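Only one structure is covered here, and it is reproduced in the block below.
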Amino acid sequence: QRIGYLALTASILPGCSTQVKTEKIEKQPNIVFIMTDDHSYQTISAYGHTLSQLAPTPNIDRIAEQGIVFEQAFVENSLSTPSRACLMTGLYSHQNGQRTLGAGIDTTQTFFSELLQQNNYQTAVVGKWHMQSEPKGFDYYSVLNDQGEYYNPYFKDKGSNGEFKQEKGYATHLITNKSIDFIKNRDKDKPFCLLVHHKAPHRNWQPEPKYLNLYEDVEFPIPDTFYDNYDTRCEPAHVQDMTIDKTMTYVYDLKIYELADVKPYSEEWNVEGYKKEVTDQMTPEEIEVWNNAYHPKNQEFLKNKDSMTQDEILRWKYQRYLRDYLRCIKSIDDEVGRILDYLEKENLTENTIIVYTSDQGFYMGEHGWFDKRFMYEESMRTPLLIAYPKKIKAQSRTKALVQNIDYAPTFLSLAGIEKPKEMSGTTLEPLFGGEKPENWRTDLYYHYYDYPAIHQVRRHDGVRSDRFKLIHFYEQDSKGNYILNCNEFYDLEKDPKELNNLYNSKEYQEQVAYLQERLNTYRTQLKVDEY
Ligand code: SGN
Ligand code: CA
């Protein structure tokens with residue numbers, strides 16, 4: 001077994017150096033990886049978006065102050081379990097098996113946690129695991145049931161024979177408690193790797209009791225693309241099912257339980273459904289606090305609703321959505337602060353790499369949407385902030401293209417472990433100095449597979465370079481004939497909001513052809529089997 005130190009210089013090896021230098025010893029760093037579920041970069045102050053100025057995230061920003069902000073961090077497949085599989089394996093979805101939300105990960109693949117464990121690390125994962133297979137390569141785990149619940153959630157611990165037990169409290173807080181307890185109780189002679197996987201701010205955005213009224217007086221600005229009519233696009237943007245206008249439900253998403261049995265809203269959600277999905281796991285005291293918060297606001301809305309225009313109603317829904325979402329973020333931010341405080345108090349900051357990210361991005365009303373899945377910026381992009389004082393200069397930023405398949409190789413390289421040859425991702429360590437190495441990748445591959453499924457986003461793959469994006473939406477019938485075969489191309493510098501599909505524009509034929517060639521190369525080299 002290895003001890004917790006790595007000899008860095010080769011000078012002690014015979015024949016490597018003429019002079020024997022003082023042996024420089026470096027300790028394997030601890031890793032604290034905090035990943036939320038559906039947290040948009042638009043709602044983290046360090047990214048400077050107007051939304052986050054109204055609802056700041058001072059604690060997540062501490063990571064930015066101490067470290068590096070990745071301004072172009074992306075996922076390969078904007079969905080929970082696929083993203084988690086990319087994280088664990090450093091492989092693209094078609095390589096690790098987890099293409100859709102329900103597909104199982106190929107458990108014969110190596111998880112980076114196993115390699116850390118074999119190389120001296122104590123490993124743990126707490127919170128949303130979501131994949132059907134048991135966490136592999138962890139000394140300790142306490143994971144939520146599937147998507148998990150916000151209030152008094154059920155956890156399954158390692159060694160509990162698969163049994164879930166309900167715990168009292170709010171998920172974001174409980175997950176942090178368990179995380180801190182793991183650090184507290186660890187073997188202090190060994191490095192540790194802790195994955196803190198929050199449930200929040202996943203749909204249906206249930207805030208913590210103390211924040212149920214936060215931001216009630218704040219009016220969040222409507223995004224420029226809120227009324228997008230998807231002109232110039234292929235069919236998928238038109239036929240998705242994820243608009244605030246039509247898809248978001250009054251009862252489940254917007255918590256107007258007063259409408260539960262009122263037609264036409266009773267089709268999907270009635271009082272029973274609301275109780276089951278929203279308040280079922282709350283204590284009577286929590287239900288009272290919850291109802292006291294929502295009821296007066298709901299009454300106010302219902303009083304005015306009949307005299308409101310469709311657009312006023314839509315804007316009201318947007319405000320309720322944003323407020324609840326950002327209330328969940330407020331709890332996340334508090335709890336990130338608690339972890340950072342604990343690491344500081346224990347003098348662990350210097351030798352710990354702290355990562356903050358999300359399993360993908362999210363629409364905060366851009367294009368009229370919530371949810372994710374599309375290769376457009378808001379969902380393909382994800383927040384990524386890393387602090388590691390030993391190697392990362394405080395307050396640095398980078399525009400280098402990075403992807404969620406890079407986490408596993410990064411952790412391995414930091415721990416001094418050689419990356420398995422088959423891992424597709426690449427370590428982010430060369431970017432830590434703030435400079436982008438000349439040979440850094442110039443584009444990324446994306447592939448979304450989960451169709452037919454909730455929200456009805458069609459399958460697509462594509463390439464994103466620093467400036468351009470090519471997307472190919474596809475579907476073939478059983479004979480291999482295309483039912484859907486449509487391309488989009490965006491100039492992100494001139495059109496960062498992706499409103500103008502230039503695929504057929506004469507002016508861009510050269511750039512389109514270049515990205516098409518890159519896409520073909522990815523498909524061939526990565527052995528992609530559908531597109
Ligand atoms: C649930 C949500 C969807 C969401 C998926 C995937 N519906 O099905 O809105 O897209 O999860 O989310 S809900 O009615 O159950 O809230 S993911 O983060 O796990 O990928
Ligand atoms: Ca998610």
Side-chain angles (χ1 to χ4, degrees), residues 34-43 73-88 93 98-105 127-132 143-151 153 171-172 175 195-207 240-244 246-255 260 265 267-270 273-281 321 324-325 328-329 332 356-365 369-375 378-384 404 447-458:
I34 308 172
M35 184 164 77
T36 34
D37 191 1
D38 295 358
H39 192 182
S40 53
Y41 63 85
Q42 303 94 301
T43 53
F74 297 91
V75 295
E76 184 246 340
N77 181 356
S78 183
L79 203 57
S80 171
T81 47
S83 174
R84 289 159 209 274
C86 288
L87 159 71
M88 296 314 301
S93 303
Q98 190 88 49
R99 299 176 194 229
T100 62
L101 206 57
I105 188 170
K128 185 171 171 179
W129 173 252
H130 204 185
M131 290 182 289
Q132 283 141 356
V143 293
L144 294 167
N145 192 2
D146 192 40
Q147 293 279 9
E149 300 90 6
Y150 278 101
Y151 278 72
T172 311
I175 290 166
L195 310 184
V196 186
H197 288 190
H198 285 290
K199 180 215 165 35
H202 191 268
R203 187 182 184 190
N204 67 338
W205 320 292
Q206 294 189 22
Q240 45 58 42
D241 182 16
M242 50 190 260
T243 62
I244 295 174
K246 300 213 168 65
T247 313
M248 201 171 260
T249 65
Y250 275 118
V251 178
Y252 172 66
D253 293 310
L254 299 167
K255 294 103 180 169
Y265 314 119
E267 285 149 20
E268 197 184 343
W269 292 101
N270 53 24
Y274 180 82
K275 278 194 192 143
K276 186 169 164 288
E277 294 293 334
V278 184
T279 53
D280 198 30
Q281 276 178 214
Y321 161 45
D324 279 345
Y325 182 97
C328 293
I329 298 300
I332 290 279
Y356 184 89
T357 189
S358 168
D359 64 342
Q360 11 73 204
F362 213 68
Y363 293 96
M364 312 305 312
W369 297 335
F370 66 101
D371 212 63
K372 52 261 176 176
R373 300 164 192 263
F374 276 110
M375 196 187 160
E378 292 83 359
S379 39
M380 182 185 178
R381 237 180 105 174
T382 190
L384 178 62
N404 55 347
H447 203 149
Y448 173 80
Y449 303 83
D450 207 355
Y451 179 87
I454 186 169
H455 301 306
Q456 306 301 336
V457 174
R458 309 299 297 262

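Worth saying up front: this structure is predicted, and the values here are computed from it rather than measured. Whatever order the structure lists ligands and atoms in, that order sets their numbers, starting from 1.
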Restricting to N, O or S atoms, which atom of Asp37 is closest to the Ca ion (ligand 2)? OD1
Determine whether the side chains of Gln147 and Lys199 contain a donor N or O and an acceptor N or O closer than 3.5 Å. no
Ring-face cation of Arg373 near Tyr448 (centre distance under 6.0 Å, axis angle within 45°): no
Examine the proximity of ligand 1 to Lys128 and report which part, side chain or backbone, both or neither, has a heavy atom under 4.0 Å away. side chain
What residue and atom, counting heavy atoms only, is the protein's closest point to atom 8 (O) of ligand 1, and at what distance? Ile454 CD1, 4.0 Å
Report the part of Asp38 (side chain from C-beta onward, or backbone N, CA, C, O) that has a heavy atom under 4.0 Å from ligand 1; answer both or neither where that applies. side chain
Pair Arg99 + Asp450, salt bridge at N-O below 4.0 Å: no
Any atoms of ligand 1 less than 4.0 Å from a non-hydrogen atom of His130? List them with their elements. 19 (O)
Phe374 ring center within less than 6.0 Å of Trp369 ring center: yes
Quick check on side chain to side chain contact (heavy atoms under 4.5 Å, CB included): which of Val143, Ile332, Ile34, Val196 does Ile175 satisfy it with? Val196
Using only heavy-atom distances, determine whether the side chains of Thr43 and Ser40 contain a donor-acceptor pair under 3.5 Å. yes
Show me which atoms of ligand 1 lie under 4.0 Å from any heavy atom of Lys372. 4 (C), 6 (C), 10 (O), 12 (O), 17 (S), 18 (O), 20 (O)
For Asp371, take its heavy atoms, then give the atoms of ligand 1 lying under 4.0 Å from any of them. 4 (C), 9 (O), 10 (O)
Give a yes/no verdict on whether any heavy atom in Tyr252 is under 4.0 Å from an atom of ligand 1. yes
Of Arg203, Arg373, Gln360, His455, the one whose closest heavy atom lies nearest atom 6 (C) of ligand 1 is Arg373
Would Glu76 and Asn404 count as having a side-chain donor-acceptor pair, cut-off 3.5 Å? no
Considering heavy atoms of the protein only, find what lies nearest to atom 19 (O) of ligand 1 and give residue, atom and distance to 0.1 Å. Gln147 NE2, 2.8 Å
To the nearest 10 degrees, how large is the angle at the Ca ion (ligand 2) between Gln360 OE1 and Asp38 OD1? 90°
Check against side-chain contact (heavy atoms from CB on, under 4.5 Å), Lys372 and His455: CA-CA 9 Å; Lys372 52 261 176 176; His455 301 306; over 6 Å; no
Can you tell me the N, O or S atom of Asp359 that's nearest the Ca ion (ligand 2)? OD2
List every atom of ligand 1 that sits less than 4.0 Å from any heavy atom of Leu101, numbering the atoms from 1 in the order shown and giving each element. 6 (C), 19 (O), 20 (O)
So, regarding Ser80 and ligand 1 (criterion: nitrogen or oxygen to nitrogen or oxygen, under 3.5 Å), is there a contact or not? yes
Could you tell me whether His202 and Phe362 have their ring centroids closer than 6.0 angstrom? no
